[in-house]
Amino acid sequence: MKLFLINLDRQPERLRRMTSLFEELGLSFTRVPAVDGTRLSQAEIERWRGARALRAGETACFLSHRECWRRILEEGLPHAAVFEDDLHVGAGASALLADGDWVPEDADVVKIETKLQRARVDKAPAGAVGDRRLHRLRSRHAGAGGYIVTRKGAEKLLRMSARFDSPVDQFIFDPALPSAASLVIYQLLPAVCVQDFVVREPEVALGLGSDLHGERVEDKPRGTAKAWREVKRPFVQLGGLFWRPLSAAVSDRKWVFVTFT
């Protein structure tokens, strides 16, 4: 399977780390130079604008992923893995990414990373890769640090993103959006990669951060909106404790915590 690694020219240390990591796993990759949001003009941002404009970094990130999808079609690949450069990758990645015979025929996207959170999936697995299982993903599971795109998935993503107004991870993995809702997406359980900023263990996390966090922190609710969010939080969490088991009992889907190994 071909692997694409998105990496900014001004982040050579991240490239060195990922090169070493993949070499240890016996995997090769193709570097895709990331679009740099600091160099995007307002005219370029407007060129891709949908109903609302994204920030420069979000637009650049989306365009970087879009280039990977374009290459899948240009090179006639049946599928390819897309990675960002701030990942921790499990030892099982070698066998998993050696070939893509296990990718379901109807898949557009297979999410192989986790945000270390719960996601709703079909109870019945659609397949297995070694000791990992594949389940249809039925809920939002943000993050675009590691996923596999099939040729037909790339065609859909490119067609739907002639203009865009949501960050790339939401565009793909938030079924509240028409783009994600139209895709056949599978979740790998356990996941084989996780972004560094998600990791909580201080002995594991490297403090790489995210290039988009500086922008997104400005979007966080403040004042009354923040206070209201905090008031609602325990009620939402309590509701989830009852609703998730109930929904699992009466449907063919379940909530699982997506782990990383």
Side-chain angles (χ1 to χ4, degrees), residues 2-15 18 29-77 80-87 108-109 111 113 115 140 142-183 185 195-197 208-222 225:
K2 187 150 191 174
L3 280 56
F4 291 117
L5 178 70
I6 298 170
N7 169 253
L8 281 165
D9 290 342
R10 55 183 168 86
Q11 295 282 13
E13 68 287 348
R14 289 193 181 193
L15 178 59
M18 293 302 294
F29 64 87
T30 297
R31 178 180 177 266
V32 176
V35 178
D36 193 335
T38 64
R39 298 185 177 184
L40 276 182
S41 68
Q42 190 58 39
E44 289 173 305
I45 294 173
E46 290 297 323
R47 152 67 183 88
W48 296 97
R49 174 181 177 146
R52 69 178 182 90
L54 297 181
R55 300 181 188 278
E58 292 174 324
T59 301
C61 180
F62 201 121
L63 293 176
S64 301
H65 283 262
R66 203 173 189 278
E67 172 61 15
C68 295
W69 309 336
R70 188 194 66 78
R71 292 192 186 195
I72 291 173
L73 299 189
E74 182 182 73
E75 298 179 27
L77 302 174
V82 178
F83 294 107
E84 295 184 350
D85 62 3
D86 59 346
L87 294 173
D108 293 315
V109 178
K111 188 175 180 69
E113 76 164 320
K115 287 292 288 289
R140 183 178 185 273
Y147 60 97
I148 293 167
V149 188
T150 64
R151 182 184 301 148
K152 71 183 184 72
E155 290 174 346
K156 287 183 181 180
L157 288 166
L158 286 169
R159 184 173 64 251
M160 293 186 295
S161 61
R163 290 182 177 272
F164 48 84
D165 53 19
S166 58
V168 67
D169 62 329
Q170 296 178 30
F171 187 86
I172 305 174
F173 297 114
D174 185 354
L177 299 177
S179 53
S182 70
L183 298 171
I185 303 175
Q195 289 182 290
D196 185 70
F197 71 86
L208 297 178
S210 167
D211 293 320
L212 298 182
H213 279 179
E215 290 185 337
R216 289 182 176 177
V217 81
E218 299 176 23
D219 294 329
K220 290 185 177 180
R222 300 177 181 179

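Here the structure is a predicted model, which is why all the values come from computation and not from measurement. All values below were derived from every heavy atom in this structure, side-chain atoms included, with hydrogens, water molecules and symmetry-related copies excluded.
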Measure the [atom1]-[atom2] distance between [X] and [Y] for me, rounded to the nearest 0.5 Å.
X   : Y   : atom1 : atom2 : answer
K2  : C68 : NZ    : SG    : 10.5 Å
L73 : R71 : CG    : CZ    : 13.0 Å
E67 : I6  : CD    : CD1   : 9.5 Å

Indicate the atoms forming the closest heavy-atom contact of [X] with [Y], along with that distance.
X    : Y    : result
F4   : A80  : CE1-CB, 3.7 Å
G145 : L87  : O-CD1, 3.2 Å
I185 : A180 : CD1-O, 4.2 Å
G37  : A56  : O-CB, 3.5 Å
D169 : A144 : CB-N, 3.7 Å

Requested in this report: Evaluate the side-chain contact (heavy atoms from CB on, under 4.5 Å) criterion for residues D85 and L15: first the C-alpha distance (whole Å), next the side-chain angles of each, then the deciding distance (0.1 Å), finally the verdict.
Outcome: CA-CA 7 Å; D85 62 3; L15 178 59; over 6 Å; no
Non-neighbouring partners of [X] that pass salt bridge (charged side-chain N to carboxylate O under 4.0 Å, His left out), sequence neighbours left out:
X    : value
E44  : none
E13  : none
R151 : none
E113 : K111

side-chain contact (heavy atoms from CB on, under 4.5 Å) against [X], all qualifying residues, sequence neighbours excluded:
X    : result
A60  : V35, L40
Q42  : I45, E46
R159 : K156
S182 : M160

Report task. Taking only Lys NZ, Arg NE, NH1 and NH2, and the carboxylate oxygens of Asp or Glu, determine whether E155 and K152 approach each other closer than 4.0 Å. Result ->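 No, E155 and K152 are not salt-bridged.
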Query raised in the report: Would F171 and F62 count as a side-chain contact (heavy atoms from CB on, under 4.5 Å) if you check the C-alpha gap in whole Å, the side-chain angles of each, and the deciding distance to 0.1 Å?
Result: CA-CA 9 Å; F171 187 86; F62 201 121; 3.7 Å; yes
Query raised in the report: Any side-chain heavy-atom pair from L54 and W48 closer than 4.5 angstrom?
Result: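 They are not in contact (no side-chain heavy atoms under 4.5 Å apart), so the answer is no.
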For [X], side chain to side chain donor-acceptor pair (under 3.5 Å) partners two or more places apart:
X    : value
R39  : none
R31  : N7, D9
W69  : Y147
S161 : R66

Query - Pair E84-S64, side-chain contact (heavy atoms from CB on, under 4.5 Å): steps then yes or no - result: CA-CA 10 Å; E84 295 184 350; S64 301; over 6 Å; no
Query raised in the report: Only one of L77, L157, D108, L183 forms a side-chain contact (heavy atoms from CB on, under 4.5 Å) with V149, so which one is it?
Result: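 Among L77, L157, D108, L183, the one that satisfies the side-chain contact (heavy atoms from CB on, under 4.5 Å) with V149 is L157.
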Report task. Begin from the C-alpha positions of F83 and V32 and carry the test side-chain contact (heavy atoms from CB on, under 4.5 Å) through to its verdict. Result -> CA-CA 10 Å; F83 294 107; V32 176; over 6 Å; no
Query raised in the report: Are the side chain of D165 and the backbone N or O of A51 linked by a donor-acceptor pair below 3.5 Å?
Result: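 Indeed, once roles are kept as given, a pair shorter than 3.5 Å links the two residues.
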**Report entry** Backbone N/O of R47 and side chain of R163: donor-acceptor pair under 3.5 Å
**Finding:**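 Yes, R163 side chain to R47 backbone: donor-acceptor pair under 3.5 Å.
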